[in-house]
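The structure appears right after this line, and notes come after that.
Chain A is the first sequence line, chain B the second, and so forth, proteins listed ahead of strands; every chain is numbered from 1.
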There are 2 protein chains.
Amino acid sequence: MTARPPAGAHRATRQGRAIVAALRASPSFRSAQEIHAELCAGGQKTGLTTVYRHLQRLADDGAVDVLRQPEGDVMYRYCASDEHHHHIVCRECGRSAETDCPELSDWADRVAHSLGYSDVSHAVEVFGVCADCRAARR
Amino acid sequence: MTARPPAGAHRATRQGRAIVAALRASPSFRSAQEIHAELCAGGQKTGLTTVYRHLQRLADDGAVDVLRQPEGDVMYRYCASDEHHHHIVCRECGRSAETDCPELSDWADRVAHSLGYSDVSHAVEVFGVCADCRAARR
DNA sequence: GTCTAACTGAAAACGGTTATCATTTCGAAA
DNA sequence: TTTCGAAATGATAACCGTTTTCAGTTAGAC
């Protein structure tokens, strides 16, 4: 009877490191497919399945933010903050900024309770055009 | 050279009426597939393609609200209000209520502008548990 | 070095949505 | 009422992102 490594621990793999590095290197939301293409292009051969698996686990662990685009694609971004927060995403280049939302939580709670709802959560995404893209337009 | 009916006009069809009726009859968000199944079950034979086409056009016309669930399914609901508004959706039964959002718009604009973003739009969904479902729990 | 659970990835399955295209239907004009 | 073309329909296939499968590989504890 030999001792076992603690079940549930994650192992350090080349692919896992590459995926986290790719996420950290980007200030904007990226799709699994984009990250996969980027890794392959950079010589980091990695299966698409593996990319999906790591992103999913990172999201479960709360290490990345998940955003669903209006078109339905799921995007991932490395989390700067542990706190509950929201994003302002540039419609053109995808760059995003984080913001906290105390007023927003208050608003959601107040409105929900006044309508008889409890256990309130909210999903908010703000879209706009960032300063650089606006400048590039003209 | 014969005169033509105005291009772009919509024609009144049995299927179109059935789809609108199904939407009007429900207080909660429904998926295209659900509506299709409901029509078929009710003897209103209608193609799935046609359901998608009508829902899409209604959404384009602003006649229905569109909501993307966290799981990715697109849901549709008849619009009570023409104004910009948001929904509070019951996590358990899907029932939804509408609410306006002047503070929310202000918040989104203010935060976005302070970060250099313009042409701001926002997507907000609030989820909770409605009074009936809460009562049914215990 | 040994061993095994964790990880990998090619290929297939999945599921919702959209495109294709031959057929049907609405409705304006004659 | 009949005609006729644009619009609508719907069965089928294509699409596309994501998940599952499963045989093979690898990290890392001992």
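Contact annotation: B/Thr50 reaches the phosphate of D/dG10 (side-chain N/O to OP1 or OP2, under 4.0 Å). Between A/His54 and the phosphate of C/dT8, there is a side-chain N or O to OP1/OP2 separation shorter than 4.0 Å.
Rounded to whole Å, atom C1' of C/dA10 lies 11 Å from atom NE2 of A/His36. As rounded to whole Å, 14 Å separates atom C1' of D/dG10 from atom CG of B/Leu39. B/Arg14 places its CZ atom 15 Å from the P atom of C/dT24, with the value rounded to the nearest Å. Rounded to whole angstrom, the span from the CG atom of A/Leu55 across to the P atom of D/dT18 amounts to 9 Å. One can place NE2 of B/His10 at 16 Å from C1' of C/dG27, the figure rounded to the nearest angstrom. Remark: C1' of C/dT8 and CD of A/Gln44 are 15 Å apart, rounded to the nearest angstrom.
Inter-residue side-chain proximity for B/Leu58 and B/Tyr76 is flagged as unmet; no heavy-atom pair is nearer than 4.5 Å. No side-chain heavy atom of B/Met75 sits less than 4.5 Å from a side-chain heavy atom of B/Val89. Looking only at side-chain heavy atoms (C-beta outward), B/Arg95 and A/Tyr117 come within less than 4.5 Å of each other.
When atom types are taken as modelled, the side chain of A/Arg14 and the backbone of A/Lys45 share a donor-acceptor pair closer than 3.5 angstrom. The closest donor-acceptor contact from the side chain of B/Arg77 to the backbone of B/Leu67 lies at 3.5 Å or more, if one exists at all.
Taken residue by residue, residues 15-29 of chain B places heavy atoms nearer than 4.0 Å to DNA chain D at B/Gln15, B/Gly16.
Not a single donor-acceptor pair, N or O on each side, falls under 3.5 Å between the base of D/dA8 and the side chain of B/Arg11.
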Polar atom pairs (N or O), protein with nucleotides 16-23 of chain C, under 3.5 Å:
| unit_1 | atom_1 | unit_2 | atom_2 | d |
| --- | --- | --- | --- | --- |
| C/dT17 | OP1 | B/Val74 | N | 3.3 |
| C/dT17 | OP2 | B/Tyr52 | OH | 2.3 |
| C/dT17 | O5' | B/Tyr52 | OH | 3.3 |
| C/dT18 | OP2 | B/Gln56 | OE1 | 3.2 |
| C/dA19 | N6 | B/Thr49 | OG1 | 3.2 |

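The hydrophobic clustering, which links ILVMFWY residues whose side-chain heavy atoms are closer than 4.5 Å, places A/Leu48 and A/Ile35 apart.
Not counting sequence neighbours, the partners of B/Arg110 by the salt bridge (Lys or Arg N to Asp or Glu O under 4.0 Å) test are A/Glu103.
Evaluated for a side-chain hydrogen bond (donor to acceptor under 3.5 Å, both in side chains) with A/Tyr52, the options A/His36, A/Arg57, A/Gln33 yield exactly one hit, A/Gln33.
Remark: aromatic rings of B/His122 and B/His84 are close, center separation under 6.0 Å.
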